[in-house]
Asker: 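Quick one: structure below, then a few questions.
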Amino acid sequence: MAKKALDLRQARRLLAPGPVALLTSQYRGQPNLMAASLVTPVSLDPPLVAVAIHPTRLTHEFVSKSDQFALNLPHLESIAAVHRCGLLSGRDGDKFVAVGLTPAEAAEVDPPLVAECIGHLECGVVERVTLGDHDLFVGQVLAVSADEEAFGTTWNVGEEGGQLLHHLGENLYAALGKSYRA
């Protein structure tokens with residue numbers, strides 16, 4: 001099997017497809033929405049997740065000032081809105097309106113959830129670390145919810161409702177279609 005050397009920046013693409021998340025934040029009553037693919041769980045007890053955010057992003061400012069965020073996991077149906085979230089800036093206006101998504105009240109944090117998403121993690125920031133050109137925000141998960149059709153004890157990837165959206169890079173996305181048992 002022949003292998004080829006890749007540019008070092010492609011390291012993150014080798015770890016794809018990871019689910020893309022719509023990160024919601026809010027500061028002084030102004031909600032914001034950002035497409036995030038640099039997201040990962042980092043601890044089971046307590047439940048912690050980490051998300052990398054570039055310091056020039058409005059989301060970085062809002063999360064830094066509020067110490068809260070929510071990760072919203074979109075269904076494949078939301079592919080166009082998710083992609084537009086990655087292209088638009090909240091500095092130019094309300095991204096919820098611009099991409100046609102609906103804010104919904106969260107259980108534990110101030111930022112809204114995205115009603116169209118099939119899973120939600122509400123988080124309070126416990127640490128922030130600068131790593132390279134991004135800051136890594138570590139959030140303790142305060143509340144978790146998921147659509148019953150989409151998630152049982154794992155994502156129901158073989159069912160229509162469980163088509164979680166994954167980002168491959170640029171404008172390419174995928175949804176897992178089948179699970180396998182070892």
Side-chain angles (χ1 to χ4, degrees), residues 8-75 78 82-83 85-91 95-96 101 103-147 150-151 153-155 164-169 173-174 176:
L8 295 177
R9 290 182 56 92
Q10 293 300 318
R12 66 189 171 106
R13 297 292 183 224
L14 289 181
L15 297 174
V20 64
L22 292 176
L23 187 151
T24 50
S25 58
Q26 183 168 287
Y27 182 65
R28 293 189 174 166
Q30 180 184 350
N32 192 43
L33 187 58
M34 177 188 96
S37 59
L38 300 176
V39 178
T40 189
V42 293
S43 172
L44 299 175
D45 188 18
L48 301 173
V49 294
V51 59
I53 307 172
H54 197 275
T56 61
R57 303 292 183 229
L58 182 62
T59 296
H60 187 284
E61 177 184 336
F62 282 12
V63 173
S64 294
K65 290 179 176 178
S66 70
D67 282 332
Q68 296 182 338
F69 62 90
L71 297 172
N72 302 271
L73 301 166
H75 188 275
S78 299
V82 170
H83 191 66
C85 281
L87 300 175
L88 302 174
S89 171
R91 296 184 199 285
K95 281 174 73 171
F96 277 96
L101 294 173
E105 190 170 336
E108 296 292 330
V109 296
D110 293 333
L113 302 179
V114 179
E116 291 81 1
C117 286
I118 56 177
H120 311 278
L121 291 84
E122 301 176 37
C123 303
V125 175
V126 294
E127 191 165 346
R128 179 175 122 193
V129 181
T130 299
L131 298 169
D133 64 352
H134 281 62
D135 283 350
L136 189 70
F137 289 85
V138 179
Q140 182 163 352
V141 179
L142 304 173
V144 180
S145 58
D147 179 274
F151 191 90
T153 55
T154 63
W155 288 107
L164 186 65
L165 188 61
H166 293 260
H167 186 237
L168 298 175
Y173 296 83
L176 302 178

Asker: Heavy atoms, side chains only, cut-off 4.5 Å: are Leu176 and Leu164 in contact?
Answerer: no

Asker: Could you check if a side-chain atom of Val114 sits within less than 4.5 angstrom of a side-chain atom of Leu33, using non-hydrogen atoms only?
Answerer: yes

Asker: Does any part of the side chain of Asp110, heavy atoms only, come nearer than 4.5 Å to the side chain of Glu122, both counted from C-beta?
Answerer: no

Asker: So, for Ala104 and Ala115, which heavy atoms are closest and what is the spacing to 0.1 Å?
Answerer: CB-CB, 4.1 Å

Asker: Measuring from Ser78:OG to Tyr173:OH, what's the distance to the nearest 0.5 Å?
Answerer: 11.5 Å

Asker: Kindly compute the distance separating CG (Leu113) from CD (Glu105), expressed to the nearest 0.5 Å.
Answerer: 9.0 Å

Asker: Between Asp135 and Ile53, is any pair of side-chain heavy atoms under 4.5 Å apart?
Answerer: no

Asker: Do Glu116 and Pro74 have side chains that approach each other closer than 4.5 Å (heavy atoms only, starting at C-beta)?
Answerer: no

Asker: Side-chain contact test, heavy atoms from C-beta onward, threshold under 4.5 Å: evaluate it for Leu142 versus Val109 and give yes or no.
Answerer: yes

Asker: Mind telling me whether Phe137 and His60 have parallel, tilted or perpendicular rings, with 30° and 60° as the class edges?
Answerer: perpendicular

Asker: Side chains of Phe151 and Ile118, heavy atoms from C-beta outward: is any pair under 4.5 Å?
Answerer: no

Asker: Kindly give the heavy-atom pair with the smallest separation between Gln68 and Pro111, and that separation in Å.
Answerer: OE1-CD, 3.4 Å

Asker: What's the spacing between Thr24 OG1 and His120 NE2 if we round to 0.5 Å?
Answerer: 9.0 Å

Asker: Backbone N or O of Leu88 within a donor-acceptor pair of the Lys95 side chain at under 3.5 Å?
Answerer: yes

Asker: Passes side-chain contact (heavy atoms from CB on, under 4.5 Å), Val51 versus Leu136? Steps please.
Answerer: CA-CA 6 Å; Val51 59; Leu136 189 70; 5.9 Å; no

Asker: Measure across Pro31 and Phe96 and return the closest heavy-atom pair with its distance rounded to 0.1 Å.
Answerer: CB-CE1, 4.0 Å

Asker: Is a donor on one side and an acceptor on the other found under 3.5 Å between the side chain of Ser43 and the backbone of Leu48?
Answerer: no

Asker: Would you call the rings of Phe62 and Tyr27 parallel, tilted or perpendicular if under 30° counts as parallel and over 60° as perpendicular?
Answerer: tilted

Asker: Grab the two heavy atoms, one from Pro112 and one from Gln26, that are nearest each other, plus how far apart they are.
Answerer: CD-OE1, 3.5 Å

Asker: Measuring only between side-chain heavy atoms, which start at C-beta, is Val63 closer than 4.5 Å to Val125?
Answerer: yes

Asker: Calculate, to the nearest 0.5 Å, the distance between atoms OG and CD belonging to Ser25 and Gln30 respectively.
Answerer: 8.5 Å

Asker: What is the minimum heavy-atom distance between Val42 and Ala50, and which atoms define it?
Answerer: CG1-CB, 3.8 Å

Asker: Between Glu61 and Lys65 (salt bridge meaning N to carboxylate O under 4.0 Å), is one present in this structure?
Answerer: yes

Asker: Measuring from atom CG of Leu23 to atom CG of Asn72, what distance do you get when rounded to the nearest 0.5 angstrom?
Answerer: 8.0 Å

Asker: Nearest 0.5 Å please: distance from the CG atom of Leu73 over to the CG atom of Leu22.
Answerer: 8.5 Å

Asker: Going through the checks in order, is the side-chain contact (heavy atoms from CB on, under 4.5 Å) test met by His75 and Cys117?
Answerer: CA-CA 6 Å; His75 188 275; Cys117 286; over 6 Å; no

